[in-house]
Amino acid sequence: MEEYIARNFNEDEYFFMWQVEPLALVGRNQLIDNEINFDYCKKHNIDILRRKSGGGCVYADMNNVMFSYITKDENVNFTFNKYLTTIVLVLNQLGIDAVASGRNDILINGKKVSGNAFYHVPGRSIVHGTMLYDTNMDNMVGSITPASEKLISKGVQSIRQRIALLKDYTDIPLENFKLAVREKLCNKEFELADEDINAIEEIEKECLSPEFIYGNNPRYTVIRHRRIEGVGDFEVRIEMKNEIIKGVNIMGDYFLTGDIDNHLLKPLKNVCLSEDAIAAALPDKVDDIIMNLTKKDFIELITKP
C-alpha cells in the first residue's frame, strides 16, 4: 500500500497506521536463515515475510501498531529526523516521556519502544516502523532468535529489560492511542478506490512470493562478518574463481538509501579481490547507497577476514 501511494498519489506527505496478525518480518538484505526460528514460527502460527526496506528483523502482532510515512523529500537524514521528531512530539503530547535515539529508534527511559526503517521509490521516501503498545514477548524472542526452547525462556527476561511497552507508561487504550495519533498528525483523509486496491494486490503478489521472501540464500566461497559502528552488522558472501570476484551478496541490518545492485555489487563482478582493484571499480562515494558507510570501510569489509 505504501509503495503504491508513493508511486501514484501527489500530496506532499501521507501517514497511515496498520496492524498485522503475528508476523516475523526480515529486512530487505537479511539472510533469513540467520534471523528466523522456523520451527517456532510454524508451531505458533507466526507468518514470515520480507520487507523492501533495510534494517533488522522485527516481530509484530495485533497488540502493537505499525506506522508508515511517505514524503516527497528524498534526503534520508532529513526524512528520518522529521519523522522521529514528529512521532516523539505526539508521544510527549500524550504524556509519554519519549526521545529519539540513534539512527532510527524511539526510547522511553532508555528502552526501545519504536524501531524504524527507510527506502526510496523514484521521487519519494518511505519511513515505516513499529510502535510497541503491547506484544507477546515469548513470540518476539522465539520467532526472531534461532535458538532452543531453553534459550528462549531465558531470553524473554533479558529482552524485556531493553524493550518499552506503551501500556506501561500510559492508561490510554490502544484504539484510543491510534485515534489520538491520527488526530494529531492528519488533517485530511483519502479512501482508496477499487482500482487502487487491485493495483496494490498486484504489488502484494511479489511481496508474498517465495522468491522474494526467502531468496536464493546461496553459499559462497568467502564469507565475511563485521560490525561497522553507526552503519550496521554485515555478512558478505563472495563467490570466487581464481582470485576473481564472480558475485557478491551483502546481508545485514544496514540502511539502504541507493541502488546497491548497480552501483556497488555489479562493479565488483570480474574484479580481483584486492584493495586497489576494488577501490578502482567502486564510485568515490558509497554513503549515498548505504547510510554512513565510507568507501574505506566498504573495501575493508570486502577484502579483510
Side-chain angles (χ1 to χ4, degrees), residues 24-37 50-58 76-77 80 101-105 112 115-120 129 144-147 151 155 158-159 162 214-305:
L25 185 64
V26 297
R28 179 67 179 89
N29 310 294
Q30 290 190 295
L31 186 63
I32 198 167
D33 292 346
N34 287 352
E35 306 297 330
I36 298 295
N37 186 325
R50 186 184 295 273
R51 62 181 185 272
K52 293 189 175 181
S53 61
C57 185
V58 299
V76 57
N77 289 316
F80 252 123
S101 175
R103 61 182 180 177
N104 70 319
D105 293 342
K112 183 174 177 178
N116 302 280
F118 173 96
Y119 68 105
H120 274 303
I144 64 176
T145 306
L151 290 177
S158 175
I159 197 170
R162 305 192 303 273
Y214 297 98
N216 293 323
N217 286 330
R219 295 181 180 178
Y220 293 84
T221 305
V222 179
I223 301 176
R224 314 282 198 212
H225 294 274
R226 181 168 301 177
R227 172 167 180 77
I228 300 176
E229 196 62 36
V231 183
D233 291 302
F234 290 84
E235 178 174 308
V236 181
R237 299 193 168 206
I238 310 170
E239 183 182 3
M240 299 289 299
K241 185 175 182 180
N242 299 327
E243 298 303 314
I244 301 297
I245 298 171
K246 293 299 180 182
V248 180
N249 202 357
I250 303 177
M251 303 293 184
D253 63 354
Y254 56 88
F255 281 83
L256 198 61
T257 58
D259 187 346
I260 190 172
D261 292 324
N262 289 314
H263 294 160
L264 280 189
L265 302 186
K266 285 185 179 179
L268 296 177
K269 192 171 182 179
N270 296 319
V271 172
C272 179
L273 186 63
S274 70
E275 291 189 22
D276 290 343
I278 290 174
L282 292 174
D284 291 333
K285 278 176 58 65
V286 299
D287 61 351
D288 55 352
I289 302 168
I290 296 178
M291 185 189 292
N292 297 334
L293 181 65
T294 66
K295 183 174 179 178
K296 178 177 180 292
D297 282 342
F298 183 69
I299 292 171
E300 291 183 354
L301 177 66
I302 298 294
T303 58
K304 294 186 177 181

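Here the structure is a predicted model, which is why all the values come from computation and not from measurement.
- Residue Asn249 holds its CG atom at 10.5 Å from CD1 of Ile238, rounded to the nearest 0.5 Å.
- Between Ile289 and Thr257 the shortest side-chain heavy-atom distance does not fall below 4.5 Å.
- Checking side-chain atoms of Asp105 against main-chain N and O of Gly115 turns up no donor-acceptor pair under 3.5 Å.
- Annotation for Ile250 and Phe234: closest pair CG2-CD2, 3.7 Å, computed over non-hydrogen atoms.
- Proximity of Arg51 to Val26: side-chain heavy atoms (C-beta onward) are nowhere separated by under 4.5 Å.
- No side-chain heavy atom of Arg226 sits under 4.5 Å from any side-chain heavy atom of Glu235.
- At least one side-chain heavy atom of Phe298 sits under 4.5 Å from a side-chain heavy atom of Leu264.
- Between the CG atom of Asn116 and the CG atom of Asn104 there is a distance of 6.0 Å, given to the nearest 0.5 Å.
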**Prompt:** Checking side chain to side chain contact (heavy atoms under 4.5 Å, CB included) for the pair Asp287/Thr294: CA distance, chi angles, key distance, verdict?
**Reply:** CA-CA 6 Å; Asp287 61 351; Thr294 66; over 6 Å; no

Per-pair distances, 0.1 Å, donor-acceptor, side chain in residues 266-277, under 3.5 Å, sequence neighbours excluded:
unit_1	atom_1	unit_2	atom_2	d
Lys266	NZ	Asn262	OD1	3.1
Asn270	OD1	Lys246	NZ	2.9
Ser274	OG	Ala277	N	3.2

**Prompt:** Taking it one step at a time, do Ile144 and Glu35 satisfy side chain to side chain contact (heavy atoms under 4.5 Å, CB included)?
**Reply:** CA-CA 6 Å; Ile144 64 176; Glu35 306 297 330; over 6 Å; no

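- Arg224 places a side-chain N or O within donor-acceptor distance of the main-chain N or O of Ile302, the cut-off being under 3.5 Å.
- Side chains of Met291 and Asn77 form a contact here, defined as non-hydrogen atoms less than 4.5 Å apart.
- Residues Leu25 and Arg50 have side chains not in contact (no heavy-atom distance under 4.5 Å, counting atoms from C-beta outward).
- The main-chain N or O of Val231 is never found under 3.5 Å from a side-chain atom of Asn292 such that the two would form a donor-acceptor pair.
- Side-chain contact between Val286 and His263 is absent, with no heavy-atom pair separated by less than 4.5 Å.
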**Prompt:** Between Leu293 and Tyr254, is a side chain to side chain contact (heavy atoms under 4.5 Å, CB included) present by the stated rule, with each step listed?
**Reply:** CA-CA 9 Å; Leu293 181 65; Tyr254 56 88; over 6 Å; no

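- Ring to ring, Tyr119 and Phe255 are not that close: their centroids are 6.0 angstrom or more apart.
- Counting only distance, with no hydrogens or angles, the side chain of Asp253 and the backbone of Gly232 share no donor-acceptor pair below 3.5 Å.
- Taking CE of Met251 as the reference point, atom CD1 of Ile223 lies at 11.0 Å (rounded to 0.5 Å).
- When atom types are taken as modelled, the side chain of Ser53 and the backbone of Ala117 share no donor-acceptor pair closer than 3.5 angstrom.
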**Message:** side chain to side chain contact (heavy atoms under 4.5 Å, CB included), that's the test. Do Leu256 and Asn29 meet it? Break it down for me.
**Reply:** CA-CA 9 Å; Leu256 198 61; Asn29 310 294; 4.0 Å; yes

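- With hydrogens and angles disregarded, a donor-acceptor distance shorter than 3.5 Å links the side chain of Gln30 to the backbone of Gly27.
- Using a 4.0 Å cut-off between a side-chain N of Lys or Arg and a carboxylate O of Asp or Glu, Arg237 and Glu239 do not qualify as a salt bridge.
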